[in-house]
Protein chains: 2
Amino acid sequence: MNATIKDVAREAKVSIATVSRVLNNSAVVTDETKQRVLDAIKKTGYKPNALARSLKIQKTHTIGLIVPDISSPFYPEVVRGIEDIASMYSYNIFLCNTDQKEDKEMNYIEILSEKQVDGIIYMGDIIRDSVKQQLHDVGIPIVLAGTEDAEFEFPNVNIDNKKASYDAVKYLISLGHKKIGMISGPSDDPIGGVQRTSGYKEALSEAKIRFKSSLVVEGNFKARQAYLAMLKLLENNVDAVFAASDEMAAAAINAIFDSGFSVPEDIHVIGFDNTYLSYMFRPTITTIQRPAYDIGAVSMRLMTKLLAKEPIDDMHVVLPHQLIVRESTGYGEEKK
Amino acid sequence: MNATIKDVAREAKVSIATVSRVLNNSAVVTDETKQRVLDAIKKTGYKPNALARSLKIQKTHTIGLIVPDISSPFYPEVVRGIEDIASMYSYNIFLCNTDQKEDKEMNYIEILSEKQVDGIIYMGDIIRDSVKQQLHDVGIPIVLAGTEDAEFEFPNVNIDNKKASYDAVKYLISLGHKKIGMISGPSDDPIGGVQRTSGYKEALSEAKIRFKSSLVVEGNFKARQAYLAMLKLLENNVDAVFAASDEMAAAAINAIFDSGFSVPEDIHVIGFDNTYLSYMFRPTITTIQRPAYDIGAVSMRLMTKLLAKEPIDDMHVVLPHQLIVRESTGYGEEKK
DNA sequence: CCACCTCAAGTTATCGTTTTCTCATACCTT
DNA sequence: AAGGTATGAGAAAACGATAACTTGAGGTGG
């Protein structure tokens with residue numbers, strides 16, 4: 001069907017080696033032969049077969065992306081950042097949605113490995129030991145985008161989650177709040193759980209506010225648990241709440257209203273992630289924004305360096321986040 | 001590095017052919033030898049090299065996705081739909097962002113072809129002749145997702161855009177409007193321009209409302225032009241407007257307010273696509289929703305059929321759309 | 001008892017490249 | 001003039017699989 005290097009060789013009356021040489025500029029070929037080959041290529045409409053090439057050179061110029069769900073907020077931007085840089089360095093990307101399920105993750109990593117990807121960029125909140133092990137076993141560069149493993153074994157690009165929640169809580173303190181509650185992520189989530197909670201603690205301690213464990217209730221990033229969590233916090237008369245996700249913040253606000261209080265008049269609320277929920281919800285929700293595109297772009301750039309075996313200054317890049325102030329902390333009456 | 005079929009063969013003391021046979025169940029192998037091979041595979045940690053396999057069998061089980069921008073609304077859902085079905089049929093997908101630029105599209109199609117993808121799913125509002133030609137030339141199955149070419153040369157999955165805008169305008173008519181303006185897509189866009197305009201005309205003519213060309217202003221799906229377009233329409237005293245995109249609808253609403261009128265009190269507005277803008281904006285915008293996930297899923301299913309050379313009942317699938325009624329046409333005070 | 005068939009398993013060509021050798025020619029050098 | 005060294009280009013061996021052919025041992029029938 002498609003012309004192969006052989007056809008070109010025959011057409012140009014040279015050996016396939018010579019064709020390969022002009023294709024890759026891998027050795028000197030006289031201008032005259034080169035021209036003959038070029039003509040033959042044009043005439044035959046020859047397109048090199050990347051499969052054969054990759055098989056031989058043991059590089060596919062392809063990298064795999066493990067994503068929880070491309071259709072959920074945050075990830076499309078990250079992926080776009082990745083792909084932009086990838087294309088800049090002529091890499092292609094395999095997109096794999098896993099819903100953060102262990103079996104899907106394991107399965108995709110295996111497939112990517114069989115397809116000989118040059119590297120894998122992993123995204124997801126929690127990175128299980130089994131997955132970690134398998135990522136190691138593949139024996140190719142791995143970059144974690146927008147996440148990190150507990151031991152920092154893998155290169156990664158992320159924001160400083162502790163600092164981010166520190167900033168959020170500090171802002172609440174700056175507004176004069178003393179009884180600040182938190183609806184955290186699961187305690188077994190090293191980032192959304194542990195880190196964000198520790199940022200909360202730090203902000204308190206810096207402001208010499210005593211930490212009370214009754215003011216931190218564990219959530220799972222989802223609405224239902226957060227609603228109940230907020231009810232508990234209300235019993236403790238909090239005057240502000242920091243939730244580790246926008247969805248939980250929204251649920252908390254609902255709980256507050258349902259209990260007869262109001263946001264931002266009685267209680268201030270801050271969420272996390274700047275999802276559309278945070279500006280769609282009324283009142284709009286003050287939140288922390290992660291630089292999604294940049295996380296992707298920087299991750300991929302890091303990957304290219306790893307692939308080129310370039311020296312790397314920092315295997316763990318921390319990108320700046322941003323506090324976006326909205327109605328839920330009393331700012332910005334959205335005007336019609 | 002990685003064990004190859006040879007290593008397995010040596011370990012199991014059989015020929016590589018036998019290993020291949022148990023791998024693919026392509027011929028009978030005695031249980032005893034089979035077991036030996038299986039053991040050897042486990043022992044060596046052998047993973048078949050998909051590249052080598054693909055080179056030989058001339059199939060990669062990979063398909064390419066041409067997308068304008070994965071980080072813009074609509075596409076993430078479509079892609080998720082595609083990937084779900086792809087993974088169900090054990091296909092992997094290459095994601096390519098083109099920003100709908102001709103050179104990027106051409107370039108990606110070439111690369112995908114070199115990487116020997118089994119098929120390409122194309123997304124994008126406009127499909128240029130050059131691109132069309134190149135898609136043909138690759139000689140593999142092509143499916144257009146959420147779009148279509150003028151001549152219906154390629155299999156595709158889409159909604160009925162004419163019907164969709166017909167429905168939108170008909171709804172406006174049902175609300176008692178007579179002077180209905182339209183901010184269309186570019187006239188060289190066969191779908192967002194031509195089709196949606198023709199649906200508008202049809203709804204009018206069905207209601208015996210005379211079409212006036214002054215009531216249709218061409219936009220480019222973006223805010224700026226739409227804002228100006230709306231100002232023009234206001235000069236013509238329209239009492240309702242149908243815009244071919246949510247962004248244009250939002251801009252139109254801004255123009256209306258800035259001119260001292262109000263939505264929905266004075267003028268009703270309908271957008272297109274049900275992007276987050278349509279529910280984030282105040283007033284929330286009545287709009288047409290395209291079933292993004294389904295468009296993706298059905299496109300990929302169609303692709304699998306094409307690849308399997310199954311008989312296909314319909315090369316051109318039309319999926320149902322939906323009118324989502326919100327504040328901009330006077331319905332649904334969003335309650336706190 | 002031998003020709004023939006069956007069936008498991010081995011040999012080998014092939015997919016389309018890259019790359020290492022080789023080799024022939026031409027050009028220096030002394 | 002003889003020997004050494006560039007230099008351009010061909011031959012052939014990979015890369016790691018699949019699959020078409022062989023092979024050879026054992027079973028069957030006339």
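Heavy atoms only: backbone and side chains are in, while hydrogens, waters and symmetry mates are out. Chain A is the first sequence line, chain B the second, and so forth, proteins listed ahead of strands; every chain is numbered from 1.
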Heavy atoms only, 4.0 Å cut-off, all strands: where does [X] land among base, sugar-phosphate and nothing?
X     : answer
B:T33 : sugar-phosphate
A:K59 : nothing
A:T4  : sugar-phosphate
B:I16 : base

If you only use heavy atoms from C-beta on, which nucleotide in [options] is closest to the side chain of [X]?
X     : options                : value
A:Y46 : C:dA8, C:dT17, D:dG16  : C:dT17
A:L55 : D:dG8, C:dA8, D:dC15   : D:dC15
A:Q58 : C:dG10, D:dG16, C:dC15 : D:dG16
B:T18 : D:dG16, D:dG10, C:dG10 : C:dG10
A:R21 : D:dA9, D:dT18, C:dT17  : D:dA9
B:V29 : D:dC15, C:dA9, D:dA17  : C:dA9
A:A17 : C:dT19, C:dA8, C:dT14  : C:dT19
B:A52 : D:dA17, D:dG8, C:dT18  : D:dA17

Quickly work out the [X] [atom1] to [N] [atom2] distance and round it to whole Å.
X      : N      : atom1 : atom2 : result
B:R36  : C:dA9  : CZ    : C1'   : 10 Å
A:L51  : C:dC15 : CG    : P     : 14 Å
A:R10  : D:dG10 : CZ    : C1'   : 16 Å
A:H61  : C:dT17 : NE2   : C1'   : 15 Å
B:E114 : C:dC15 : CD    : P     : 20 Å
A:I57  : C:dT20 : CD1   : P     : 13 Å
B:K6   : C:dT11 : NZ    : C1'   : 13 Å
B:N24  : D:dG16 : CG    : P     : 17 Å

Side chains of B:T62 and B:F94: closer than 4.5 Å at any heavy-atom pair?
yes
Select from A:P48 and B:K13 the residue whose nearest nucleotide in DNA chain C is closer to the 5' end of that strand.
B:K13
Given that B:K56 and A:L23 both sit by DNA chain C, which one's nearest nucleotide is further toward the 5' end?
B:K56
Before we go on, tell me: are the rings of A:H136 and A:F154 under 6.0 Å apart, centre to centre?
yes
Taking 4.0 Å as the cut-off, does a side-chain nitrogen or oxygen of B:S20 come that near to OP1 or OP2 on D:dA17?
no
Counting just side-chain N and O atoms, does A:S26 come under 4.0 Å of either OP1 or OP2 of C:dT18?
no
Which one of A:T33, A:D39, A:D31 satisfies the side chain to side chain donor-acceptor pair (under 3.5 Å) criterion with A:Q35?
A:D39
Partner of B:I66 under side-chain contact (heavy atoms from CB on, under 4.5 Å), picked from B:L95, B:V131, B:N97, B:L112, is B:L112
Name the one of B:I295, B:T147, B:T98, B:I82 that satisfies side-chain contact (heavy atoms from CB on, under 4.5 Å) with B:M123?
B:I82
Residues 139-146 of chain A side chain polar contacts: donor-acceptor under 3.5 Å, at least two apart:
none

